[in-house]
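Got a structure here, written out as C-alpha cells. Questions coming.
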Number of protein chains: 2
Amino acid sequence: MISTQSSRSLYESYRDRMRKIADVKNASNILQWDQETYLPEKGAAFRGQQLATISEIAHELSTSSELGSLLEELNGRNDLTRQEKRNVELSREDFLKQKKLSSAFVKKMSETISRSFHAWVEARRKNDFGIFAPSLDELLQLKREEANFLGFEDHPYNALLNDFEKGCTVSFLDDTFSGCSGPLKQLIDRIAGCPPINNQFLAQYFSKQDQWDFGMKIIGKLGFDFSAGRQDISEHPFTTSFNNRDVRITTRIDEHHFSGMLWSCIHETGHALYEQGLPESEYGLPLGEYASLGIHESQSRLWENCVGRSLAFWTHYYPELQESFPEQLGPVSIHEFYRGINKVHPSLIRTEADELTYHFHVIIRYNIEKLLIEGNLPTREIPECWNGLYKQYLDLDVPDDKRGCLQDIHWSHGSFGYFPTYSLGSFYAAQLFEKSILTNAEIEGGIKEGNTKPLLDFLRKSIYQYGRMYTSGELFAVIGKESLNINYFLKYVLTKYEDIYNL
Amino acid sequence: MISTQSSRSLYESYRDRMRKIADVKNASNILQWDQETYLPEKGAAFRGQQLATISEIAHELSTSSELGSLLEELNGRNDLTRQEKRNVELSREDFLKQKKLSSAFVKKMSETISRSFHAWVEARRKNDFGIFAPSLDELLQLKREEANFLGFEDHPYNALLNDFEKGCTVSFLDDTFSGCSGPLKQLIDRIAGCPPINNQFLAQYFSKQDQWDFGMKIIGKLGFDFSAGRQDISEHPFTTSFNNRDVRITTRIDEHHFSGMLWSCIHETGHALYEQGLPESEYGLPLGEYASLGIHESQSRLWENCVGRSLAFWTHYYPELQESFPEQLGPVSIHEFYRGINKVHPSLIRTEADELTYHFHVIIRYNIEKLLIEGNLPTREIPECWNGLYKQYLDLDVPDDKRGCLQDIHWSHGSFGYFPTYSLGSFYAAQLFEKSILTNAEIEGGIKEGNTKPLLDFLRKSIYQYGRMYTSGELFAVIGKESLNINYFLKYVLTKYEDIYNL
C-alpha cells in the first residue's frame, strides 16, 4: 500500500509524526524545567508520575510500527533532498537502536534508575556509599545487558559511549587521554612550585540582586535572545530547550562567593546560543537537533573558558564589573582579577575544578566506568578505587564518600559514558576557538572590545545551522580540515597558564 | 474475556487508565500555566502546537475503546463501594457524551475555535465586531450541531449548559433570573438616588511590592497551602491545578488602583482552597474533581464577597492594611474603606462590576446566547442587541464594541452556557455562607478575629471532600435540606447594601 505513495507525501507523514513526538518530549522538558524552578514542595510525587506517563507516551510513539514502516519506505528513496535523506537516515538509526531494547527492558531500567536515584540521595545524605551500592550494582548489570542488546565492537563500553558521542570509542578516548594527561600533569606540577595565587577577593559579600543584574547583562551581550528564552534560579544550573524559540537557562547565586554565578551564566549561555541557533524549520527532525553532547559541551566551555576567563574579555568588561561592585573590586587590578579567576588548585569536587585539574576528575571516572562495565571492578570496591585514583592523579586524600564517589548524580541516572564528553567539550572548544580566530581577525579584536558577534556568527555558520547533519568528526573536518587534535587544547592551556604563573 | 476478571482488577485497570489521562491533561495545564506566566514572546506559536498535540493525545485516550469496554464491564457491578460505583457511573457518562461527537467534528470545532480566537483578538484590537462575526457565525453553527449530537429536552441551549453545570436548564435559569432581577433592579434604583460614595482613596499610588506582600499574607491567612501551590503574575488572574498538591493562582497589580489585586487574590484563593481540598486518593477519577463550575465559582465568590468585602473581615485586617499603607489609608476610616470597596455603580465591563450590577451583565449575555443558539438572532446583529440590552438593564450607552460585545473571551473559545455559572456562583455562595453561619457560631465570630479556619473546615466538610460525588443540587440538599433558593442571595445583598447606603 504505502509504496505507491509519493516520496513527498511519505516524507510529510514522517515529518508530522516526528513533530508530534517532539511536542510530547518537549512537554516533558517543560514539566522538568518547572520541577527544577517553581514546583511547590508537595507537588514532587505527582510530578514524577506525570513525567513517567509522558515519557511512556513519547516512547510508544517513537517506537511505533507505523513510524518504522514509514522509515523503511523512505529509506534509500532518491527523490529526496540531501537534508531529507539525512533526516531519514538518522531517524532510522535512532528507531532501530530503540527497537533493540524491549519494552520490558526499558521499563525495568527505568524502575531501577528511579530506585537507584533515591538510594543515591539517601546515601549522600548519610555519607555512606554502602546505601547506594546494591541498586547501583543492579543498574550496572542492566547497563551491561544494554550494551549487549545494542551491540558493539571491541569493548562493551563503546555501546554506551555511542549514546552520548556517536562514534566515540575506548580506543579513541585512551589515545586522547594518554595524549594529554602527561603534559597536563607536568604543567600542574610546575604550577604547584609557584607562589599560590590569592583570590580571596572573590569570597566577599556580593549581593544577590547585583550579581543577578550583572549576569543578565552579560548573557544579553553575548547574544542570548531574551524574547526566545529566559533565565531563572535553580539548585543546579542547567539549560533546557523546548524549541529554538524557547530556550531556558538557570543559575544559582552564592552571596559569599562571586565566581559561582557568573561563569555558570556564561557556560549555560554557551549551551543556549547553540539551541537558539538550531534551524527552526527542522523542528522535531534530527537536523533540528544538536550534533553530539561533546559538541554541545564545546559551546559552553568555549564561552565559559576561552572567552569568559580570558584577559581579552575582561579588558572590556572588568571596568563595568568594578562599577557594579566598587567596594569589593575597586581595589583589585584587572591582572589580579584575571589571575584570581584562573587559579589552579587540585580539589575534590569536579564541578568546582579549574581548567587543568578538571580533566583528571574525568579521567578517573572514565577509568572506573570502563572497569565497571567490563565487570573488572566489584561495585562495593568503587570507593577504594576512587580514592586510590585521586591520590595517584591529584595527590589528594578523599575524606569521605560525599566528597568522593557520591558527588555526581550521573551514575544514579544510569548515565555511563557521559563524563568523557565534558573533556571532549574542552578539547573541541580550544580547537574551534583557534580555528575561529584564524578564520576572522575581527573575532579576537572583537572580544577585547566587548563585541562577540563575529565569534557567534562563526559558530552559527560552522556548527549551529547544521543540527545533526554531521558527526563531530565530520564537523571538524569541514571547519578546519582536520579531526580532533589534542594539541590545540595543550597549546591553549600552556600559553595561558605559563603567562598567568610566569613560568 | 474481560467479564471473567474480578471487579477489583477491572476497577484498578480503569483507575490506572484514568490517572494516565489525568497526567496528560495536567501536562497540558502546566504548559498553559507557563504560557500565561513565563513563556518568552517568540515561543507562542510552538507552544500552541505543543498544546494541540497533548490535547489530541488526551482526547484519544479519553475515548479509547479499551476504556469504553472497561466502563461497560464495570457498570452495574455490585461488589464495588458506593464511591467506586459513582466514579464508574460518572466516567461512563463522560465517555458516552464524548463519543457522541465524532473525531472529525471535534477537530473541526477545535480548528474553528482557533480561527475564531484569533479573529476575536484582531477584532478587539481594531475595535470592530465585523472582523469577529464570520468565524463566530461558523462556531455558532457548530455549537447548534453539537447540541443536536449531545441531545436535549425542551431547548438546545440545555445541552450546552449541561457542560458547565450539570442539570442546569433554560427553565431553571429563567425562573432564577426573573426571581432576582426585579428586586435587584429596585435596590440599584434606590442606591442611584443616594449621594454617591467617594472611593477615590483606592486610586492612589500603591507600590507593586507592598501590594504583592499584603496579598501573599492574606492568601496564606485564608489557608492557602504554599507548600502545595504558588502565586505568580499574569495578564488575567486565574487558578489552575495539576493535582491537590500543586494548585497555582495568579494575580495582576495596578500600582494606581488598589482594588484590582487584593480581591482577585481572595477570589482565586477561594478557587484554590477548593482544589487543594479535593481528595488526593481520587486523583484522575470523578470523585477527585470539582462538583460543577457553579460550585467552583461559589467558592471564589464566597471568599471574595461574603468574606473579603465584609465589615467583619476588615474589622480584623484593616489596621494591618493601614500599617502596610500608612500614607494612603491612614486618613481613611474603616467605614469609609468598607463603603468604598462596596460602591455600586453601573458600568460597561463585567469583570469590573460591583456585586449588584454584575448579574445584569450575566443576564444580558444569557439572553443573547439563548437567542443565538435558537437561531433567533443573526450573528451580525449582536452589537445592536447587546447595546439595546445594556440601555434597558443598566441605562448605559455602549460607546464601542471593545467595551461592548467584544469584551469577553468566552464566545471566541466556543464557551456558550458558561456565563450563567458566574451568577449561580454568587447565589450558591450567599446560601452556603448563611448555612455555614447557622451551623457553627464560631464562623462569624472567627472572621471578625481574622480566623477563617472554622469557615474553611465547614467548606471542606460540606463540599471539598466529596469531589463530584454529588451534583450541586444534591450537595445543597445535604447541607441545608433545600435546593438553591434565590432568597438567600437577595437577603444578603439587601441587608448589606441597605446598611452601606443607609436606605
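Here is the naming used below: chain letters follow the sequence lines, and residue numbers restart at 1 for every chain.
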For the residue pair B:His296 and B:His271, does the interplanar ring angle fall in the parallel (under 30°), tilted (30 to 60°) or perpendicular (over 60°) class? tilted
Look at A:Glu289 together with A:Arg468 and state whether they make a salt bridge at an N to O cut-off of under 4.0 Å. yes
Mind checking whether B:Ile249 and B:Phe238 have side chains closer than 4.5 Å, heavy atoms only? no
When heavy-atom pairs shorter than 4.5 Å are enumerated against chain B, which of A:Arg230, A:Glu280, A:Arg47 gives the highest number? A:Arg230
Do you know which of B:Phe242, B:Tyr38, B:Trp33 has the most heavy-atom pairs with chain A at a distance under 4.5 angstrom? B:Tyr38
Contact class of B:Leu51 relative to chain A, heavy atoms under 4.5 angstrom: neither
Can you say whether A:Tyr283 sits under 4.5 Å from chain B via the side chain, the backbone, both, or neither, judging by heavy atoms? side chain
Determine the option with the most heavy-atom pairs under 4.5 angstrom with chain B, choosing from A:Asn243, A:Ile30, A:Asp246. A:Asn243
Scored by heavy-atom pairs under 4.5 Å with chain A, the best of B:Glu41, B:Arg19, B:Arg248 is B:Arg248
Whether A:Glu56 and B:Lys20 form a salt bridge (side-chain N of Lys/Arg under 4.0 Å from carboxylate O of Asp/Glu) is what I want to check. yes
Looking at A:Lys107 and A:Glu111, is any side-chain nitrogen of the basic one under 4.0 Å from a carboxylate oxygen of the acidic one? yes
